Amino acid sequence: MYRGVEIVHEKAQFQSMMRFTVVDSEGSVSFAGPGHCLKIITAACSRDPADHQELLNTVREYDELFAERVLDDLAIFDEFVAADRSRSIDRWIQSNAATNQPTFRIYNQQLRNMSLNAETLGIVLFNLVERRIVQIQNAYGEILRTDRGRIRIDGKPVRRYYHYALPDHWALLP
């Protein structure tokens, strides 16, 4: 409950989740998702997105349900938290302490620390400014520079594939 408004997060369909943090010129956002989203976000990076919004718009082409969940959760966060109001950040953290896999913008050190808490499959940082993917901890599987994956409709894989090739100017760090 946050100021009389109950924030309801859908339970993840997957027990094995990964934390993703995206850095762009405007700041950073952090969110969790199933392991297969690692490949989806990497594929979106192959198109050189300028910011997290463009990245998530590309992710929408591969898994619309996941991208919409992240965007909806960011909108909820924005509704209750102001970057320059530390009390709003503290209240949000307190009310979401028990929430699994929160989605948030990184405004201070406390939120930065939260963004570094790995989920069961690990944590990967996507730096759109410096064009690098940092696998801080990855128990899901190797990120390949060239790969394919299944498109998902309503969260379920279908018999359509996306293909990607990460450009050479992207660094892929272990």
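What you see is a predicted model; the values in this text were computed from it and never measured. Values reported hereafter were calculated over all heavy atoms of this structure, with side chains retained and with hydrogens, waters and symmetry mates removed.
The hydrophobic cluster containing I40 also contains L71, counting ILVMFWY residues as joined when their side-chain heavy atoms lie under 4.5 angstrom apart, directly or transitively. The cluster map of Ile, Leu, Val, Met, Phe, Trp and Tyr, joined by side-chain heavy atoms under 4.5 Å apart, puts L38 and L125 in different clusters. Taking hydrophobic clusters as Ile, Leu, Val, Met, Phe, Trp and Tyr residues chained together by side-chain heavy-atom distances below 4.5 Å, W170 does not share a cluster with L173. Linking Ile, Leu, Val, Met, Phe, Trp and Tyr whenever their side-chain heavy atoms come within less than 4.5 Å puts L121 and I143 in one cluster. Note on V29: it does not cluster hydrophobically with V23, by side-chain heavy-atom contacts below 4.5 Å among ILVMFWY residues.
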Pair I123-M18, side chain to side chain contact (heavy atoms under 4.5 Å, CB included): steps then yes or no: CA-CA 6 Å; I123 177 172; M18 181 170 267; 5.8 Å; no
Side chain to side chain contact (heavy atoms under 4.5 Å, CB included) between I151 and D63, intermediate numbers included: CA-CA 6 Å; I151 291 176; D63 188 340; over 6 Å; no
Verdict with supporting geometry, I136 and V124, side chain to side chain contact (heavy atoms under 4.5 Å, CB included): CA-CA 6 Å; I136 297 169; V124 176; over 6 Å; no
Evaluation steps, side chain to side chain contact (heavy atoms under 4.5 Å, CB included), between R105 and H52: CA-CA 11 Å; R105 296 184 193 281; H52 72 277; 3.3 Å; yes
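No side-chain heavy atom of F126 sits under 4.5 Å from any side-chain heavy atom of T21. V134 has its side chain within reach of R132: a pair of non-hydrogen atoms, C-beta onward, lies under 4.5 Å apart. The shortest distance between side-chain heavy atoms of R69 and T103 falls below 4.5 Å. Between Q94 and D90 there is no side-chain heavy-atom pair separated by less than 4.5 Å. With a 4.5 Å cut-off on side-chain heavy atoms, F20 and S30 do not count as touching. For the pair D48 and H169, the minimum side-chain heavy-atom distance is below 4.5 Å. In this structure, the side chains of Q110 and N113 stay at 4.5 Å or more apart for every pair of heavy atoms. At a threshold of 4.5 Å between non-hydrogen side-chain atoms, the residues L166 and I133 count as touching.
In terms of modelled atom types and a separation under 3.5 Å, the side chain of D24 and the main chain of L128 share no donor-acceptor contact. One N or O on the side chain of N138 and one on the backbone of G141 form a donor-acceptor pair closer than 3.5 Å. Remark: side-chain polar atoms of N127 are paired, donor with acceptor, to backbone N or O of V129 under 3.5 angstrom.
A pairwise comparison of heavy atoms in M17 and E119 identifies O-CB, 3.1 Å as the closest pair. When all heavy atoms of S88 and F80 are compared, the closest pair comes out as CB-O, 3.6 Å. Nearest approach of R150 to P157, heavy atoms of both residues: CD-CB, 3.6 Å. Heavy-atom minimum distance, T120 versus S16: OG1-CA, 3.3 Å. Across all non-hydrogen atoms, the minimal contact from A44 to Y62 is N-CE1, 4.2 Å. Nearest approach of S46 to A165, heavy atoms of both residues: CB-O, 3.4 Å.
Using a 3.5 Å distance cut-off with no hydrogens or angles, the side chains of R152 and H36 do pair a donor with an acceptor.
Once rounded to the nearest 0.5 Å, the distance linking CZ of R148 with OH of Y162 reads 10.5 Å. One distance of note links CD of Q53 with CG of L74; it measures 8.5 Å at 0.5 Å rounding. Separating the CG atom in D84 from the CG atom in N108 is a distance of 12.0 Å, to the nearest 0.5 Å.
Between W92 and F77, the two ring planes are perpendicular [angle over 60°; tilted spans 30° to 60°]. Classified by interplanar angle (parallel below 30°, tilted 30° to 60°, perpendicular above 60°), the ring pair Y161/H163 is tilted.
Dense packing is recorded around CZ of R145, with more than 12 heavy atoms of other residues, nucleotides or ligands lying under 6.0 Å away. Heavy-atom neighbours of E61 CD from other residues, nucleotides or ligands within 6.0 Å: above the threshold of 12.
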